[in-house]
Amino acid sequence: MDTQVIQAVPVRLLRNPIHLLTLGFGSGLSPKMPGTFGTLTGVILYLLFMPTSNWLIYSIIVAFCFFTGISMCSYTAKALNVHDHPAIVWDEIVGFWLVMLLVPKTWVWILVGFVLFRFFDILKPWPIKMIDNKVKGGLGIMLDDAIAALFSLIIIQIIIYLL
């Protein structure tokens, strides 16, 4: 994240459909833990809109949201004049969806996915921190969370395999 002072996001930005999505339908405006609230929004949207058991369709939806998220997050970052403003949580939403790829849709796995994803997104072990610091624009905003999601997904798949 940039070292400059982070200003509060004007609520009026939510009138713009792109900002509405990137700001997690307002969940990113939380003054504390916007990434966690953004991820919770991802959980809710996952439960509402991801009923498909077809992993290919699910993968296409997640990939589409990731790639469109690059330009959408860049657009919002420019409007806020901050590279990766904490209020931008589309990356957390899509990141959670990636975590849940090929994972049973039960509360236990949703909770495990949520906790693991937040752990990696907050801790930012290598290479997540490096990408967060070096890759700018919408790609950087989306990519560090995608890698945190992949770390989480790998751990979940190992647990599922061992069970």
Side-chain angles (χ1 to χ4, degrees), residues 1 9 13-14 16-30 33-80 82-105 107 109-125 127-157:
M1 181 170 14
V9 176
L13 284 183
L14 295 174
N16 178 312
I18 293 174
H19 297 318
L20 181 67
L21 289 173
T22 58
L23 300 174
F25 303 93
S27 62
L29 301 182
S30 170
M33 304 184 314
T36 299
F37 284 103
T39 305
L40 286 172
T41 301
V43 171
I44 293 166
L45 294 172
Y46 170 77
L47 292 169
L48 292 174
F49 298 112
M50 299 295 194
T52 183
S53 59
N54 184 317
W55 69 269
L56 182 59
I57 292 170
Y58 183 87
S59 299
I60 291 168
I61 292 168
V62 173
F64 175 79
C65 290
F66 175 83
F67 287 110
T68 57
I70 293 170
S71 58
M72 290 187 337
C73 290
S74 180
Y75 176 77
T76 300
K78 285 179 186 168
L80 295 173
V82 177
H83 158 62
D84 190 358
H85 194 288
I88 299 173
V89 294
W90 184 251
D91 49 334
E92 275 84 10
I93 292 169
V94 176
F96 178 77
W97 294 345
L98 180 57
V99 170
M100 298 309 293
L101 178 66
L102 298 172
V103 173
K105 193 174 181 178
W107 283 106
W109 292 114
I110 290 169
L111 180 61
V112 170
F114 177 85
V115 170
L116 283 171
F117 178 63
R118 292 308 303 143
F119 173 79
F120 285 114
D121 190 31
I122 293 167
L123 187 65
K124 296 195 184 310
I128 300 168
K129 184 145 189 89
M130 180 193 66
I131 289 166
D132 187 46
N133 290 333
K134 297 200 183 267
V135 181
K136 299 298 178 193
L139 179 62
I141 294 170
M142 294 298 296
L143 193 57
D144 70 308
D145 287 80
I147 294 172
L150 287 173
F151 283 9
S152 305
L153 176 59
I154 289 167
I155 290 171
I156 290 173
Q157 292 301 323

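With rounding to the nearest 0.5 angstrom, the CE atom of Met142 is 7.5 Å from the CE atom of Met72. Atom CG in Leu98 sits 11.0 Å away from atom CE in Met100 (nearest 0.5 Å). Atom CG in Leu139 sits 9.0 Å away from atom CZ in Phe67 (nearest 0.5 Å). Between atom CD1 of residue Ile147 and atom CG of residue Leu153 there is a gap of 13.5 Å, rounded to the nearest 0.5 Å. Atom CG of residue Leu123 and atom CD1 of residue Ile128 lie 8.0 Å apart, to the nearest 0.5 angstrom. Atom CG of residue Leu111 and atom CG of residue Leu116 lie 9.5 Å apart, to the nearest 0.5 angstrom.
Thr36 places a side-chain heavy atom less than 4.5 Å from the side chain of Phe114. Side-chain contact between Val62 and Leu101 is absent, with no heavy atoms from C-beta onward closer than 4.5 Å. By the 4.5 Å heavy-atom criterion applied to side chains, Ile110 and Leu47 are counted as neighbours. A heavy-atom distance below 4.5 Å is not found between the side chains of Val89 and Phe37. By the 4.5 Å heavy-atom criterion applied to side chains, Trp97 and Leu45 are counted as neighbours. Within the 4.5 Å cutoff, the side chain of Phe49 has no heavy atoms near those of the Ile61 side chain. Taking 4.5 Å as the limit, every side-chain heavy atom of Phe119 sits out of range of all side-chain heavy atoms of Pro125.
Contacts of Asp144 classified as side chain to side chain donor-acceptor pair (under 3.5 Å), with partners at least two apart in sequence or in another chain: Lys124.
Taking every heavy atom of both residues into account, Gly95 and Ala149 meet most closely at O-CB, 3.2 Å. Closest non-hydrogen pair, Asn133 versus Lys136, comes out as O-NZ, 3.1 Å. Trp109 approaches Pro104 most closely through the heavy-atom pair CB-O, 3.4 Å. Here the closest non-hydrogen pair linking Cys73 and Ile88 is SG-CG2, 3.7 Å. Phe117 and Asp91 make their closest contact through CZ-O, 4.4 Å (heavy atoms, listed as atom of the first residue, atom of the second, distance).
Under a 3.5 Å cut-off, the side chain of Gln157 and the backbone N or O of Leu102 do form a donor-acceptor pair. The backbone N or O of Ile70 lies less than 3.5 Å from no partner atom in the side chain of Ser74, so there is not a single donor-acceptor pair. In this structure, the side chain of Trp90 engages the main chain of Cys65 through a donor-acceptor pair within 3.5 Å.
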Is there a side-chain contact (heavy atoms from CB on, under 4.5 Å) between Leu80 and Leu13? Walk through the geometry before answering. CA-CA 10 Å; Leu80 295 173; Leu13 284 183; 3.5 Å; yes
Derivation of the side-chain contact (heavy atoms from CB on, under 4.5 Å) call for Phe96 and Leu40: CA-CA 9 Å; Phe96 178 77; Leu40 286 172; over 6 Å; no
For Ile156 and Val99, what are the C-alpha separation, side-chain angles and deciding distance, and is it a side-chain contact (heavy atoms from CB on, under 4.5 Å)? CA-CA 8 Å; Ile156 290 173; Val99 170; 3.7 Å; yes
Counting only pairs under 3.5 Å, give me each side-chain donor-acceptor contact of residues 19-28, with atom names and distances, residues two or more places apart or in other chains.
from, atom 1, to, atom 2, distance (Å)
His19, ND1, Thr76, OG1, 2.8
Thr22, OG1, Ile18, O, 3.2
Thr22, OG1, His19, O, 3.3
Thr22, OG1, Thr76, OG1, 2.6
Ser27, OG, Gly24, O, 2.8
Ser27, OG, Thr41, OG1, 3.0

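Between Lys129 and Asp132 there is no salt bridge, since no side-chain nitrogen of the basic residue lies less than 4.0 Å from a carboxylate oxygen of the acidic one.
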